[in-house]
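To start, the structure under review is shown below, and the notes come after it.
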Amino acid sequence: MIEFSEEAKRRYESILSHYPQKRAALIPVLALAQREFGWISDEVAEYVGTLMGYPPSDVMSVATFYTLLHKKPEGKYHMEVCRNLSCWLMGAYGCVDEIKNRLGIDIGGKTPDGRFSLQLTECLGSCGTAPAMQVGDRYYENLTPAKIGEIIEKLSHD
Amino acid sequence: MTKIHLVNIDKPGQASLETYRAGGGYKALEKAMKMEQSAIVEEVKTSGLRGRGGAGFPTGMKWGFVPRDTGKPTYLLCNADESEPGTFKDRILMERDPHLLIEGMAIACYALNCHLSYIYIRGEYEFVANTVQKALDEAYADGILGPSVVGNDYGLDIFVHLGQGAYICGEETSLIESLEGYRGYPRIKPPFPATHGFLASPTVVNNVETLTALPWIINNGGAAHAALGTEKSKGTKLFSVSGHVNKPGVYEIVMGYPLLDFINNEAGGIPNGRKLKAVIPGGSSVPVLTAAECEGVGLDYESLLKAGSMLGSGGMIVLDDSCRMPEVLSVIADFYAHESCGQCTPCREGTGWAAKILRNLVAGKGRKADIDLLLKIADMMEGKTICPLADADVMPIRSFVTKFRSEFEALCEG
Ligand SMILES: Cc1cc2nc3c(=O)[nH]c(=O)nc-3n(C[C@H](O)[C@H](O)[C@H](O)COP(=O)(O)O)c2cc1C
Ligand code: SF4
Ligand code: FES
């Protein structure tokens, strides 16, 4: 059985207090659960559902609508490169190829040590500093293949 | 040029309450709290302000639709979902001048008699949301928000709500569904959010840029705002420009400013000695303009409409003459296929098939008949769906294919 940490339980109560109805807290609570458990597994959906009083199928049906809620375990550094127009114009795929080559993974793949995974994403709101990539809660912008090399190098050692 | 939104954007420390106040911040809120609520609505009507989220609906009129006698609470929801490809203006406002948004929201809330409000920020902008949250914390600690807004007998709570990745949640009824804790399926309208929005209560959804215009309007008066711009486009507009320009970024111009001057001056012109080929002026959902069509066009609602496009979100994407338009359209079409929520068959199937046909064409495996098929699919999607996402795919498809047809034909064998 999984369970929120004490800190997460406090966060949970605080999230609930922001809304006039409990249901509105479901998606922020799923985000909290992902932070705690890494991804939204059946077990996590069941836990959140029990906590809030919704069937796990209902919880999962919500989770599957939203791309930031992961339905499989991603790498510690989940690299999401924007493939949309401005990034595409400025060479996003050159950066994607660099990631593929350096890590030996394809789009949707993960390195065997679980450190890196790669995915394409839609416009990140960084079109003026394209190409852009999101890794966890931070953005990397004005990317070049050389910069990708530096980023991977850095993230490999911490 | 007069500035309304970006006046202090480059000031160091502008995100802090101290600096914001030192620059005259929260004076407009103090002034507004002394006004009648209805007088603020009138002032916004006079200003001619139109929504900056994409649809351009008159803000004062939208507020006027909100019933005051339902016995239910009224909600203001700030739309900070900013996901329209090419758009990155709300981000800079929230990152660098978050108190301007909080002040604008507080003014709007008071005018609408709203006591509980949310900022729906796309989840990818978590680091932006942290800045906004810090500013909210400061505003609470200072008594700007909370039980007595800037010392008045009026309570107001504002919370940040993070989205979790879905373009469609920028559409206002989808945003409401999502905020209520469901899949972000757009709702059939009517009923409109003004009467049946968040939790079936009267609700106003306004974009970040719309709300950040309010402090200026209260300080300077609606008439001063209406004196700026053109007949139907009042005030200033933020344009986020990207693609093939020397100086991509966010710029504020007075409505009506010439499009080509904007590209050549503000945006620094086209790099590498190349020529302008086409412009998508308002985010990927609006029709593309050829370089020739850009001649004499002003950056305002009516001029862009007359030229055959739209102002949209102000997310301008500039394309130089190295671009192969079928490839560009294919990149755009993949986006709509990915983001269709799937409720309406014409949209779910149409966006998917259009994207597949275009990939095939770009791969050199298309036939000439596919080009007309694309246009037929566009016809079958247009105006036949719950929300305008399908139309947002139709506009690029139809404009690219008709304006650059020979490029599409050149890719086909027979
Ligand atoms: C598919 C779709 C996506 C949208 N995305 C956004 C968005 O990211 N931000 C936004 O402010 N408005 C967006 N809108 C427009 C909203 O539905 C709504 O008109 C707007 O938030 C109203 O605010 P305003 O009147 O201040 O512009 C979108 C509309 C559609 C159809
Ligand atoms: S038009 Fe598309 S995105 Fe909009 S409700 Fe219908 S299926 Fe969903
Ligand atoms: S197109 Fe990549 S961030 Fe907008």
Side-chain angles (χ1 to χ4, degrees), chain A residues 14-15 17-32 34-35 40 52 54 58-70 80 82-90 92-93 119-134 136-139 141-142, chain B residues 73 82-92 116 118 122-128 130 157 159-169 178-185 198-199 240-244 247-250 280 284 315 317-320 323 327-328 331-332 334-335 338-339 341:
Chain A
S14 155
I15 291 170
S17 75
H18 293 179
Y19 302 96
Q21 286 185 12
K22 184 181 64 179
R23 177 77 193 205
L26 176 58
I27 294 167
V29 170
L30 280 168
L32 176 69
Q34 175 155 298
R35 202 162 278 260
I40 309 297
M52 297 188 71
Y54 304 115
D58 183 9
V59 173
M60 206 43 134
S61 108
V62 171
T64 50
F65 190 83
Y66 296 96
T67 54
L68 294 182
L69 297 173
H70 299 145
E80 295 184 274
C82 171
R83 59 147 293 276
N84 214 300
L85 188 50
S86 301
C87 289
W88 177 81
L89 288 171
M90 304 311 279
Y93 278 93
Q119 194 49 266
L120 298 179
T121 191
E122 296 299 345
C123 180
L124 289 169
S126 290
C127 331
T129 40
M133 151 173 97
Q134 175 167 36
D137 56 11
R138 89 160 269 198
Y139 275 19
E141 304 176 286
N142 292 309
Chain B
E82 189 160 76
S83 313
E84 173 72 17
T87 314
F88 48 101
K89 64 191 177 67
D90 299 339
R91 172 182 168 186
I92 188 180
L116 177 56
Y118 296 90
R122 64 179 298 186
E124 293 84 349
Y125 282 181
E126 192 175 350
F127 58 100
V128 181
N130 292 340
D157 282 315
F159 293 109
V160 165
H161 180 99
L162 275 185
Q164 289 302 324
Y167 165 66
I168 193 60
C169 289
S178 177
L179 186 62
E180 289 183 359
Y182 299 96
R183 295 167 72 91
Y185 286 140
F198 183 53
L199 304 176
S240 57
V241 56
S242 66
H244 294 140
K247 294 195 298 175
V250 179
I280 303 170
S284 70
I317 306 166
V318 177
L319 305 171
D320 75 16
C323 286
E327 284 183 23
V328 174
V331 171
I332 294 175
D334 277 346
F335 171 72
H338 183 258
E339 299 298 335
C341 84

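Naming: A, B, ... by sequence-line order, numbering from 1 per chain. Remember, it's a predicted structure, so these values are computed and weren't measured experimentally.
Partners of A:Glu122 under the salt bridge (charged side-chain N to carboxylate O under 4.0 Å, His left out) rule, at least two apart in sequence or in another chain, are A:Arg83. A:Gln119 meets the side chain to side chain contact (heavy atoms under 4.5 Å, CB included) test with A:His78, A:Glu80, A:Ile107; sequence neighbours excluded.
For the atom pair A:Leu26 CG and B:Ser178 OG, the distance stands at 10.0 Å (nearest 0.5 Å). To the nearest 0.5 Å, atoms CZ (B:Phe159) and OG (A:Ser14) are separated by 8.0 Å. Distance CG/A:Leu124 to OH/B:Tyr125: 8.5 Å, rounded to 0.5 Å. For the atom pair CD of B:Gln164 and CG of A:Leu69, the computed distance is 4.5 Å after rounding to the nearest 0.5 Å. Here A:Asn84 contributes atom CG and B:Ile332 contributes atom CD1; the two are 8.0 Å apart, rounded to the nearest 0.5 Å. Rounded to the nearest 0.5 angstrom, B:Leu199 CG and A:Arg23 CZ are separated by 12.0 Å.
The closest donor-acceptor contact from the side chain of B:Tyr182 to the backbone of A:Ala24 lies at 3.5 Å or more, if one exists at all. The main-chain N or O of B:Glu180 is never found under 3.5 Å from a side-chain atom of A:Tyr19 such that the two would form a donor-acceptor pair. Side-chain N or O atoms of A:Thr67 include one that pairs as donor or acceptor with a backbone N or O of B:Gly165 at under 3.5 Å. Without hydrogens or angle criteria, B:Arg183 side chain to A:Val62 main chain gives no donor-acceptor distance under 3.5 Å.
Neither the backbone nor the side chain of A:Thr121 comes within contact range of chain B; no heavy atoms are under 4.5 Å apart. Only the backbone of B:Val318 comes within less than 4.5 Å of a heavy atom in chain A; its side chain stays farther off. Contacts between B:Ser284 and chain A at a heavy-atom distance below 4.5 Å are absent for every atom of the residue. Contacts of B:Tyr118 with chain A are made by side-chain atoms alone, with heavy-atom separations under 4.5 Å and no backbone atom involved. For chain A, the nearby parts of B:Glu327 are the backbone and the side chain; heavy atoms of each come within less than 4.5 Å.
Minimum interatomic distance between A:Gly128 and B:Pro248 (heavy atoms only, all atoms of both residues): O-CG, 3.3 Å. Nearest heavy atoms, B:Gly243 versus A:Leu89: CA-CD1, 3.9 Å. Closest approach of B:Ala166 to A:Phe65, counting heavy atoms only: CB-CE2, 4.0 Å. When all heavy atoms of A:Tyr66 and B:Gly184 are compared, the closest pair comes out as OH-N, 3.3 Å. Between A:Cys123 and B:Gly86, the shortest heavy-atom contact is SG-N, 3.7 Å.
The shortest side-chain heavy-atom distance between A:Leu85 and B:Pro85 does not fall under the 4.5 Å cut-off. You'll find the side chain of A:Pro28 stays beyond 4.5 Å of the side chain of B:Leu162, heavy atoms only. Residues B:Leu116 and A:Pro20 have side chains in contact (heavy-atom distance under 4.5 Å, counting atoms from C-beta outward).
Between A:Glu141 and B:Arg91, at least one side-chain N (NZ, or NE/NH1/NH2) sits under 4.0 Å from a carboxylate O, which counts as a salt bridge.
For the options B:Lys247, B:Glu126, B:Arg122, heavy-atom pairs under 4.5 Å to chain A are most numerous at B:Arg122. In terms of heavy-atom pairs under 4.5 Å with chain A, the best-connected choice from B:Lys89, B:Glu82, B:His338, B:Glu84 is B:His338.
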